[in-house]
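Inspection log for the structure reproduced underneath, given as structure tokens.
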Protein chains: 2
Amino acid sequence: MPADMQATAANDLISPDRREEVLAAAAECFMRRGYEATSMDDVADALGATKGRVYHHFRSKPELFFEVFRRAIFILIREAGVHETGPGHAADRLRRMARAHILCMMETQAFQRNLTLGVDLYRFGETSEEHKATLEDLMNLRRGYEDAFRRTFAAGAADGSMKALDPSLAMRTLLGAINWVAVWYSPRAGETRAHREKLAEEIVAQVLGGYLA
Amino acid sequence: MPADMQATAANDLISPDRREEVLAAAAECFMRRGYEATSMDDVADALGATKGRVYHHFRSKPELFFEVFRRAIFILIREAGVHETGPGHAADRLRRMARAHILCMMETQAFQRNLTLGVDLYRFGETSEEHKATLEDLMNLRRGYEDAFRRTFAAGAADGSMKALDPSLAMRTLLGAINWVAVWYSPRAGETRAHREKLAEEIVAQVLGGYLA
DNA sequence: GTCTATATTATGATAGAC
DNA sequence: GTCTATCATAATATAGAC
């Protein structure tokens, strides 16, 4: 194998991380200023670079956003969705799903905030025909994630660990309460993972158990 | 009194409604496309008019947005906040507040969605010094509205109608669940007020009572 | 892989006719 | 009170040097 081919192979391995840097900077900018208000120069500034670098990794601003969006869902599925299949009653599984979801809202806030943004783009979106297909795929991923909650609510009614509620509505009110964490949460100075886990469990207890005496 | 002065007085009385039209169109556009993505031409198009009309009623785009924001809070305070003082236990009052809040999310969705938008502008916003003061006022109005929920949670712990929870956290999880209604709700064709009231009550029951058996 | 131009287009805001 | 220009600016995206 020639030396330059080896270098190319090495670059292929490194390249994802460079991409990752751009992606993280973009997520942060999109969260702070919103999608439209964020210019490619803003993203470049956040990297301490110029537009050239951003455009080298992502063809366009929409594609950059779509990647942020995709990453946000993948994180949720990997961290929270997996708990759908697990030990215990449906209520126990839902508790673990909600707890993990909340931790994602706190620890990957920048990515998660953009998930809501993308949903609006889809609902009202005046997007090009080309991007519409991509967006459709992403929305299906998200719907799949939501379905895990819907199914768990139905399972809870079946195994008696939860009330018999409309699963779709329950999914929406529960996800609303815990998605909102990404809206108000701000990390405190010197905050530890244990701190966040305690907060997450307090939220889960309030939301699943209700507020009434 | 000369005839033209009378005409001016009449115009003063009519003028608020014309302003209102612009405001409603702006709220709709801001909701659909977001604040930055919405151009003044978009707002004008939604009115079937040109920019001239928009700029006649509002000095600038930020001022237009601030008015949408202010309207959103006023509606919430008038419709839901008033139920803080009312008959019954704290749990009953909270139920009425939540129910009214949800109906606002459904019936003035365009305005309410922009409330969240404005909060972000405040948190991360790079706004001019002049607009910062206006935004500060609006945030205080919103904080005051949230305080009504905080106080009611505390009252519920005191009068025994509700669990003894951290009132600030409870306010956030509850408002999260019911604010989210504005995100997913879409009016059905031929939907009546009674329909929405039934949905609102189902949501209140789920959220206040929790999901566990 | 990153930079420095640069082309092209769209937007916020204003001036002045009607 | 609304319209038709028009200006100034800023942003997306590209081309080409290094």
Side-chain angles (χ1 to χ4, degrees), chain A residues 3-26 29-30 32-68 121 125-128 130-131, chain B residues 3-26 29-30 32-68 121 125-128 130-131:
Chain A
D4 64 322
M5 265 200 71
Q6 203 165 16
T8 305
N11 275 342
D12 281 353
L13 288 173
I14 292 165
S15 158
D17 294 79
R18 306 295 280 170
R19 237 180 104 94
E20 213 66 22
E21 279 177 32
V22 179
L23 215 51
C29 289
F30 288 152
R32 295 177 86 89
R33 297 192 252 266
Y35 172 70
E36 293 286 345
T38 299
S39 71
M40 294 301 253
D41 277 319
D42 289 335
V43 178
D45 284 355
L47 287 163
T50 64
K51 277 198 281 241
R53 181 161 162 199
V54 181
Y55 276 103
H56 178 74
H57 291 283
F58 297 92
R59 207 179 294 278
S60 69
K61 192 178 160 184
E63 275 199 28
L64 179 54
F65 176 76
F66 290 149
E67 269 310 298
V68 171
L121 200 63
E126 356 256 303
T127 50
S128 78
E130 192 198 341
H131 290 317
Chain B
D4 64 322
M5 264 200 72
Q6 203 165 15
T8 303
N11 275 342
D12 282 352
L13 288 173
I14 292 165
S15 156
D17 293 79
R18 306 295 280 170
R19 235 180 105 96
E20 213 66 24
E21 279 178 32
V22 180
L23 215 51
C29 289
F30 289 150
R32 295 176 86 89
R33 296 193 253 265
Y35 172 69
E36 293 286 345
T38 298
S39 70
M40 294 301 255
D41 277 320
D42 288 335
V43 178
D45 283 357
L47 287 164
T50 65
K51 277 199 281 237
R53 180 160 162 201
V54 181
Y55 275 104
H56 177 74
H57 291 284
F58 297 92
R59 207 178 294 277
S60 69
K61 192 178 161 185
E63 275 198 27
L64 179 54
F65 176 76
F66 290 149
E67 268 310 297
V68 171
L121 200 63
E126 357 254 306
T127 50
S128 79
E130 191 199 342
H131 289 317

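Labels below follow one simple rule: chain letters A, B, ... track the order of the sequence lines, proteins then strands, and each chain is numbered from 1.
B:Tyr55 pairs by the ring pair (Phe, Tyr, Trp, His ring centres under 6.0 Å) definition with nothing, not counting sequence neighbours. Under the ring pair (Phe, Tyr, Trp, His ring centres under 6.0 Å) criterion, A:His56 pairs with no residue at all, not counting sequence neighbours. With sequence neighbours left out, A:Arg33 forms a side-chain hydrogen bond (donor to acceptor under 3.5 Å, both in side chains) with A:Asp42, B:Glu126. Shown here are the salt bridge (Lys or Arg N to Asp or Glu O under 4.0 Å) partners of B:Glu63, two or more places apart in sequence or in another chain: B:Arg59.
Look at B:Thr50 and you won't find any side-chain N or O under 4.0 angstrom from OP1 or OP2 of D:dT2. For D:dG1, the OP1/OP2 oxygens have no side-chain nitrogen or oxygen of B:Arg19 closer than 4.0 Å. At C:dT2, one or more side-chain N or O atoms of A:His57 fall inside 4.0 Å of OP1 or OP2 (strictly under the cut-off).
One can place CD of B:Glu63 at 16 Å from C1' of C:dT14, the figure rounded to the nearest angstrom. Distance NE2 (B:His56) to P (D:dG1): 4 Å, rounded to an integer number of Å. Remark: P of C:dT14 and CZ of B:Phe58 are 16 Å apart, rounded to the nearest angstrom. Taking atom CZ of residue B:Arg18 and atom C1' of nucleotide D:dT2, one finds them 9 Å apart after rounding to whole Å. Residue A:Asp45 contributes atom CG, which lies 16 Å from atom P of C:dT2 at whole-angstrom precision.
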Annotated protein contacts, base or backbone, on nucleotides 12-18 of chain D with a non-hydrogen cut-off under 4.0 Å, one of B, S, - each: BBB----
Side-chain donor/acceptor pairs under 3.5 Å, residues 45-54 of chain B, sequence neighbours excluded:
unit_1, atom_1, unit_2, atom_2, d
B:Lys51, NZ, B:Asp41, OD2, 3.3
B:Arg53, NH2, B:Glu21, OE1, 2.7

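Because its NZ or CZ atom is not both nearer than 6.0 Å to the ring centre of B:Phe30 and within 45° of the ring axis, B:Lys61 does not count as a cation-pi partner of that residue.
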